[in-house]
Novice: 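Quick one: the structure is below, and I'll ask about it shortly.
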Amino acid sequence: MAYENIIVSTEAEKVGIITLNRPKQLNALNEELMVELGQALRAFDADEKIGCIIITGSEKAFAAGADIAAMAEYTFNEVYKNEYITRSWETIRSIRKPVIAAVSGFALGGGCELAMMCDFIIAADNAKFGQPEIKLGVIPGAGGTQRLPRAVGKAKAMDLVLTGRFIDAAEAERVGLVSRVVPLDKLKDEVLAAALTIAGYSQITVIAAKESVNQSFETSLAEGVHFERRIFHALFATEDQKEGMKAFLEKRAPEFKNR
Ligand code: CO8
């Protein structure tokens with residue numbers, strides 16, 4: 001498929017890489033880009049060979065937010081009736097394979113929200129995160145007021161959403177927004193290594209693990225633990241569980257077949 005706002009590639013036929021590519025606008029996320037992103041995500045999700053997906057941007061910007069030029073003249077009628085931008089932003093939530101955000105430079109507004117929709121974030125040391133929508137007379141509209149407090153707690157989320165200030169990579173790691181910070185020139189290697197590790201496991205187990213962790217955001221602890229136990233039990237029906245445990249006992253690497 002030919003894309004105009006993203007670049008799509010693969011690594012070792014196992015990892016799907018989506019690079020946001022509107023450099024002149026610091027990867028501002030317009031509707032066209034989000035539709036393409038959704039198409040690419042769905043294509044990788046459906047590709048048996050792909051075990052993990054990476055979303056990344058440029059050195060200067062992961063994404064500097066939703067496209068302000070595109071949004072500036074929208075009316076309430078248009079955004080409400082047509083569900084402007086919300087629909088195309090929903091796709092990522094339905095992706096079952098892990099999605100890692102590799103963030104260098106600015107991840108602001110919708111860019112920060114997109115990164116938070118990924119399963120985890122690995123940041124370069126030049127990354128800057130923020131929800132500056134308040135400065136534009138709006139609030140985050142792609143889950144920022146909901147995912148940020150879950151990730152970093154109320155105090156930090158309120159601080160960021162109400163002041164619009166940016167935090168650097170070190171602060172983002174300290175408060176739990178990102179899982180790791182690495183030097184900018186190591187970002188690609190570090191994220192690829194993580195993605196290849198994940199893609200080397202049984203896909204069915206990886207999907208089960210992601211589903212179970214995500215369940216913790218939707219349910220009570222008791223219900224979540226019950227859900228986890230059911231999935232844990234179900235994995236004993238897979239060939240990959242037999243292979244994984246047998247390989248351990250035989251002191252060899254497992255050969256998962258995704259069955
Ligand atoms: N939208 C459109 N264009 C942008 C955006 C953006 N978000 N960010 C930067 N650009 C453009 C600039 O207009 C500029 O274009 P030009 O060269 O034609 O003037 C170009 O990118 C380079 O930007 P700067 O010259 O400003 O670069 P600086 O290095 O000086 O500054 C900043 C970089 C700090 C990132 C600055 O560009 C900035 O503050 N950008 C806006 C950040 C922002 O406010 N983001 C939030 C946007 S609102 C939002 O995301 C709402 C999300 C709702 C999603 C709802 C989905 C359902």
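Every number for a ligand or one of its atoms is a count from 1 in the order of the listing.
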Novice: Give the numbers and elements of all ligand 1 atoms closer than 4.0 Å to a heavy atom of Trp89.
Specialist: 56 (C)
Novice: When you measure from the side chain of Asp45 to the backbone of Arg96, do you find a donor-acceptor pair of N or O atoms at a distance under 3.5 Å?
Specialist: yes
Novice: For the pair Tyr80 and Phe76, name the ring-plane relationship: parallel under 30°, tilted 30 to 60°, perpendicular over 60°.
Specialist: parallel
Novice: May I ask whether Glu113 has any heavy atom positioned less than 4.0 angstrom from an atom of ligand 1?
Specialist: yes
Novice: Between the candidates Leu26, Val138, Val79, which shows the shortest non-hydrogen contact distance to atom 22 (C) of ligand 1?
Specialist: Leu26
Novice: Is any side-chain heavy atom of Ser202 less than 4.5 Å from a side-chain heavy atom of Thr238?
Specialist: no
Novice: For ligand 1, which atoms have a heavy atom of Gly110 less than 4.0 angstrom away?
Specialist: 49 (C), 50 (O), 52 (C)
Novice: Determine whether the side chain, the backbone, both or neither of Leu136 has a heavy atom under 4.0 Å from any heavy atom of ligand 1.
Specialist: side chain
Novice: Tell me the nearest of Ala107, Ala64, Gly65 to atom 42 (C) of ligand 1, using heavy-atom distances.
Specialist: Ala64
Novice: Among Ala61, Gly105, Ala28, which one puts a heavy atom closest to atom 6 (C) of ligand 1?
Specialist: Ala28
Novice: Using a 6.0 Å distance limit plus a 45 degree cone around the ring axis, check whether Lys135 lies over the aromatic ring of Phe166.
Specialist: yes
Novice: Does even one non-hydrogen atom of Pro140 get within less than 4.0 Å of ligand 1?
Specialist: no
Novice: For a 4.5 angstrom cut-off between non-hydrogen side-chain atoms, does Leu20 reach Ile6?
Specialist: yes
Novice: Regarding ligand 1, does Lys60 bring an N or O atom to under 3.5 Å of one of the ligand's N or O atoms?
Specialist: yes
Novice: Mark up the atoms of ligand 1 that fall under 4.0 Å of a heavy atom belonging to Lys24, in ascending order.
Specialist: 20 (C), 21 (O)
Novice: Are Met71 and ligand 1 in contact, using a heavy-atom cut-off of under 4.0 Å?
Specialist: yes
Novice: Measure from atom 7 (N) of ligand 1 to every heavy atom in Ser88, Pro23, Ala66, Gly109 and give the option owning the shortest one.
Specialist: Ala66
Novice: Mind checking what makes side-chain hydrogen bond (donor to acceptor under 3.5 Å, both in side chains) contact with Thr19, not counting sequence neighbours?
Specialist: none
Novice: Tell me the contacting part of Lys135 for ligand 1: side chain, backbone, both, or neither, using a 4.0 Å heavy-atom threshold, strictly below.
Specialist: neither
Novice: Counting N and O atoms only, with roles assigned by atom type, does the side chain of Gln146 sit under 3.5 Å from a partner on the main chain of Gly143, one being a donor and the other an acceptor?
Specialist: no
Novice: Mind checking whether Phe44 and Val8 have side chains closer than 4.5 Å, heavy atoms only?
Specialist: yes
Novice: Hey, are the side chains of Thr205 and Phe256 touching, using non-hydrogen atoms and a 4.5 Å cut-off?
Specialist: no
Novice: Run the ring-ring contact (aromatic ring centres under 6.0 Å, His included) test against Phe217 and tell me which residues pass, sequence neighbours left out.
Specialist: none
Novice: Which atoms of ligand 1 sit under 4.0 Å from any heavy atom of Glu133?
Specialist: 48 (S), 49 (C), 50 (O), 51 (C), 52 (C)
Novice: Test your reading of the structure: does Leu108 have an N or O sitting under 3.5 Å from an N or O of ligand 1?
Specialist: no
